[in-house]
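Computation of the quantities below employed the complete heavy-atom set of this structure, encompassing side-chain atoms and omitting hydrogens, waters and symmetry-equivalent molecules. Letters A, B, ... mirror the listed sequences (proteins, then strands); counts begin at 1.
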Amino acid sequence: MIDPALLRDHGDVVRSAMTARGADLSAALDALAALDADRRRLLPEIEGLQREQNESAAAVARAKKEGRDTAALQEDSRHRAARIKELSQQLEAVEQQRRDALLVIPNLPHATVPAGASADDNVEVRRHGTPREFAFTPQAHWDLGPALGIIDFERGVKLAAARFTVLMGAGAQLARALINFMLHVHTTEHGYTEVEPPFMVNAASLTGTGNLPKFEADLFKIAGDWDLYLSPTAEVPLTNLHRGEILDGARLPIRYTAYTPCFRSEAGSYGADVRGLIRQHQFDKVELMIVSTAEDSYAEHERLTGNAEEILRRLELPYRTIVLCTGDVGFAAAKTYDIEVWLPGQQAYREISSCSNTEAFQARRANIKYRPEGKKKAEFAHTLNGSGLAVGRTLIAILENYQQEDGSVVIPEALRPFMNGMARIERP
RNA sequence: GGAGAGGUGGCCGAGUGGUCGAUGGCGGUGGUCUUGAAAACCACUGAACCCGGAAGGGUUCCGGGGGUUCGAAUCCCUCCCUCUCCGCCA
């Protein structure tokens with residue numbers, strides 16, 4: 001949620017930020033500003049009447065104690081009560097509309113975010129490793145995996161639906177090893193606390209992160225008499241851990257990591273990445289999440305992105321890091337780095353992590369505050385999140401980058417301790 | 001799934017229609033005392049929003065929502081949550 005006071009006092013800043021995003025929100029912002037003005041007109045009027053009503057009630061109490069007649073006072077109060085009720089109903093309607101309007105306004109891009117209209121305008125900030133030279137034509141993982149007997153696409157469809165997959169044998173083991181490896185590095189070297197959250201979340205949590213109300217179509221909702229959704233990312237439960245709390249500033253930054261399965265309906269992406277493991281309705285991810293002070297959040301953002309990159313460096317996978325431009329940065333984010341891993345089967349860098357600083361956008365929606373050390377007034381925290389990393393896509397990257405001419409796949413050195421020492425996955 | 005009990009400020013715990021945002025205790029902060037600490041004593045100690053340049057003033061909040069009333073923590077309705085027992089179960 002953007003700061004309502006910013007729209008009120010510096011509407012031009014908000015408007016130009018939305019233009020930079022390529023979002024035409026001028027009508028929505030006009031409506032929001034009008035609702036805000038209505039609210040500020042109604043509120044003092046109601047509060048003044050309530051004050052009179054409180055005084056009147058006290059006068060009745062005094063009069064009764066002294067045995068005087070209170071009929072006139074009560075009659076007066078009755079009229080005022082009706083007026084208060086009438087105005088309050090108006091205010092309630094205005095506030096509801098104002099809330100609804102605020103919840104669909106995206107975040108303001110940070111000043112360091114490059115201007116641009118689409119993903120084509122994203123800017124590469126660094127590149128690590130060199131794509132391997134193959135003496136043969138490298139295969140895509142959707143050929144490698146089934147040939148090794150470790151990925152079964154057909155049976156995933158049989159068990160559930162398209163975009164569900166079964167991992168078998170060394171494939172399942174590899175996914176589990178990756179999860180353990182990532183959690184191990186983040187908890188023992190990067191200072192994150194491991195969390196196992198619920199894999200289903202409620203509407204309040206999804207509203208806090210910004211998935212609701214605007215992106216309900218991307219979610220799987222639980223049928224029946226439940227206000228629950230399958231979590232699309234651990235960002236949702238981790239960010240909401242401190243929803244409605246005021247944290248001690250001395251405790252910040254708080255860093256969490258969690259392995260969870262993630263569930264996304266992938267509505268509207270029917271033509272994209274239909275082959276292979278890239279885009280699934282269910283996938284595993286190790287998430288990184290940080291609650292930070294406002295001053296430190298951009299330093300934390302760099303750190304978090306580096307923590308995610310470190311996994312790829314340990315696995316010796318070539319990657320590049322790009323910063324999303326104003327036209328591509330997500331709804332809740334002020335700034336996002338995408339980390340893209342090299343996939344020889346596609347001869348392309350593909351997203352394997354997305355690391356965002358949402359500043360106070362989610363904190364305002366989820367009411368996450370902290371009391372700066374030595375200060376009395378609580379402030380909105382900044383929240384950050386990033387994949388550290390997407391497990392399925394990491395598995396793909398290993399298969400494709402470490403494939404051998406005979407169709408076997410070498411296990412990266414760093415992963416072998418988590419694979420019971422296995423050094424290679426052979427064809428059956 | 002069945003039966004019962006209960007949700008009050010950071011915590012414990014009073015309060016069953018009239019200045020109650022709420023007695024008291026604990027915890028916390030500051031002070032007095034002390035070489036220092038403890039103890040004792042004193043004071044302060046929630047949040048959101050509105051008006052205001054500020055100082056300050058005001059409104060709301062006793063699980064959520066609605067209702068009765070001049071007036072609700074207190075009465076009524078409803079929803080949510082927690083706990084206990086039984087059943088079932090990993």
Heavy atoms under 4.0 Å, any strand shown: does A:E75 hit a base, just sugar-phosphate, or nothing? nothing
Matching residue for A:S297 among A:K335, A:H110, A:H382, A:E359 - test: side-chain hydrogen bond (donor to acceptor under 3.5 Å, both in side chains): A:H382
Looking at A:N54, does any N or O in its side chain come under 4.0 Å of the phosphate oxygens OP1/OP2 on B:U60? yes
Parallel, tilted or perpendicular, judged at 30° and 60°: which one describes the rings of A:H186 and A:H190? tilted
Strand-adjacent residues in residues 34-43 of chain A, judged by heavy atoms under 4.0 Å from RNA chain B: A:R39, A:R40, A:L43
Only pairs with both distances under 3.5 Å count, Watson-Crick or wobble alike; so what is the partner of B:C11 in this structure? B:G25
With a 3.5 Å limit on both atom pairs, tell me what B:A38 is paired to, counting Watson-Crick and G-U wobble, or say none. none
Among the candidates B:C50, B:C70, B:G57, find the nucleotide nearest to the side-chain atoms of A:P44. B:C50
Closest listed nucleotide, where the reference is the side chain of A:I246 and the choices are B:A47, B:U68, B:C70: B:A47
Map A:Q89 and A:A57 onto RNA chain B by nearest heavy atom, then report which one ends up closer to the 5' terminus. A:A57
What contact category does A:A81 fall into here, base, sugar-phosphate, or nothing, at under 4.0 angstrom with non-hydrogen atoms? sugar-phosphate
Considering all heavy atoms, the nearest A:F380-A:Y370 contact: O-CE2, 3.4 Å
Could you check which of B:A48, B:G18, B:U59 has an atom nearest any side-chain atom of A:K369? B:A48
Heavy-atom nearest nucleotide on RNA chain B for A:E92 versus A:R51: which residue maps closer to 5'? A:R51
Counterpart base for B:C62, defined by Watson-Crick or G-U wobble contacts under 3.5 Å: none
Complementary nucleotide of B:C83, counting Watson-Crick and G-U pairs under 3.5 Å: B:G4
Scanning all shown strands, the Watson-Crick or wobble mate of B:G52 with both distances under 3.5 Å is none
Which of the following nucleotides, B:U68, B:G71, B:U60, is nearest to the side chain of A:Q53? B:G71
Applying the 3.5 Å cut-off to both distances, the Watson-Crick or G-U partner of B:C70 turns out to be B:G18
